[in-house]
> 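Here's a structure for you.
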Amino acid sequence: MSDSAKSRAATLAHLRSADFAKGDPIPLPLTMASIFHAPGDATGFNQYGRFSNPTWHAVEHALGHLEDAQCIIFPSGMAAISAALFALVKSGDCILLPSDGYHTTRALAERFLKPLGVAYDVRPTASMLDGGFAGYRAVFVESPSNPRLDICDITAVAKAVHAEGGILIVDNTTMTPFGQRPLDLGADIVVSADTKAINGHSDVLFGHVASRDPDIITRVKDWRETAGGIPGPFEAWLVHRGLETLEVRFDRMCSSAETIARRLKDHRAVSGLRFPGLAGDASHNLARAQMQRFGFLISFELASEKEAEAFIDNCALIESATSFGGVHTSAERRSKRGDDVPPGFVRLAIGCEPVEELWKAIEASLDKIAG
Ligand SMILES: *Cc1c(COP(=O)(O)O)cnc(C)c1O
């Protein structure tokens with residue numbers, strides 16, 4: 001970790017202390033309220049639960065501290081992505097999306113933006129720079145892409161998009177602010193599904209939009225207040241609690257993934273393994289240049305659908321589940337979710353288990369299918 005990342009991690013747990021009065025609780029209080037005492041002028045304090053909430057403020061402060069930007073929170077990752085797009089594009093605009101990113105983002109464009117007159121194109125993450133960005137109001141990238149873990153040069157994309165007068169939005173869900181810092185690389189907006197590693201306990205859906213451009217933040221906040229898709233205070237409180245251990249969890253997950261990817265690659269049952277942290281991976285050189293960590297997702301192929309299902313089912317330390325970023329290691333055969341991958345393609349999401357125990361369980365399950 002860089003010194004600034006270490007300093008952000010160290011001070012995260014103490015952000016609220018400057019405002020403490022004697023007798024205040026050290027942990028964050030949960031404020032469940034739709035209305036607040038509101039005499040006189042209607043500015044400068046909490047008034048109504050769709051506009052603001054003290055528990056939200058604490059989460060936005062903590063996320064803003066990590067992103068080094070202003071943050072607006074949402075009740076899911078898709079709510080954050082929708083807010084960024086609906087607040088900033090209009091009829092007649094065209095946007096560019098990754099063909100190999102999270103599929104619901106493309107569904108949003110196809111089913112809801114297109115009928116309103118917003119056109120979209122798609123392009124693979126690995127060749128995002130090919131063809132340029134003329135005519136795009138917004139370019140949306142996800143790097144590493146999910147589930148194949150291709151990456152694109154975020155600095156170069158940001159420069160080229162800005163030269164054409166567009167804005168760059170980066171979905172940083174898989175990396176978190178501790179793994180990759182798209183705003184530092186020139187992106188205008190980060191969107192994140194905090195449902196995943198940021199909350200980290202698989203018990204809440206949540207999301208955020210981060211930007212250093214005050215006009216963008218004003219638009220996105222206005223969208224939330226007006227459209228009304230707001231996070232529940234209790235969910236926000238849980239995410240605040242998750243954030244307090246993010247650095248420890250993410251460090252463990254990424255370190256374990258590096259160990260397990262190296263060993264998996266050498267196993268006779270495994271082919272086509274992708275992990276940006278492995279020397280020789282198509283993403284490696286660029287990953288070293290633009291990412292702080294290599295993440296905790298690994299993808300690979302087993303011989304067939306049957307073998308992939310058996311590998312997941314027979315492993316005592318892998319949960320069969322969609323999604324990722326929780327304390328439990330989980331895996332999924334992605335073709336069953338409609339990703340354009342072979343039937344035996346597995347996405348493995350490393351959790352927080354001790355790495356040698358986890359590897360023993362993974363190896364035992366692979367040995368069983370390899371015979
Ligand atoms: C899960 C995910 C989303 C959507 O998040 P939800 O909280 O499920 O709405 C968006 N982008 C990526 C990369 C994701 O993994």
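As the structure lists them, so they are numbered: ligands from 1, and atoms in each ligand from 1.
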> Kindly check if the number of other-residue, nucleotide or ligand heavy atoms within 6.0 Å of NZ (Lys336) is above 12?
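Yes, enclosed.
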> With sequence neighbours excluded, tell me which residues meet salt bridge (charged side-chain N to carboxylate O under 4.0 Å, His left out) with Arg224.
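Partners of Arg224 under the salt bridge (charged side-chain N to carboxylate O under 4.0 Å, His left out) test: Glu60.
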> Could you tell me whether Arg274 and Asp150 make a salt bridge, using a distance below 4.0 angstrom between a side-chain N and a carboxylate O?
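Salt bridge flag = yes for Asp150 with Arg274.
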> Using modelled atom types only, decide if a donor and an acceptor are shared between the side chain of Arg293 and the backbone of Phe178 within a distance under 3.5 Å.
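It does not hold such a pair.
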> One line per pair, note the atom names and distance for all nitrogen or oxygen contacts under 3.5 Å between ligand 1 and the protein.
| residue | atom | partner | partner atom | Å |
| --- | --- | --- | --- | --- |
| ligand 1 | 7 (O) | Gly77 | N | 2.8 |
| ligand 1 | 7 (O) | Thr195 | OG1 | 2.6 |
| ligand 1 | 9 (O) | Gly77 | N | 3.2 |
| ligand 1 | 9 (O) | Met78 | N | 2.8 |
| ligand 1 | 11 (N) | Asp171 | OD2 | 2.7 |
| ligand 1 | 15 (O) | Lys196 | NZ | 2.6 |

> Does a side-chain N-to-carboxylate-O contact under 4.0 Å join Arg263 and Glu356?
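A salt bridge links Arg263 with Glu356.
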> Could you give the distance from CZ (Phe86) to OG1 (Thr226), rounded to the nearest 0.5 Å?
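Here the interatomic distance stands at 14.0 Å.
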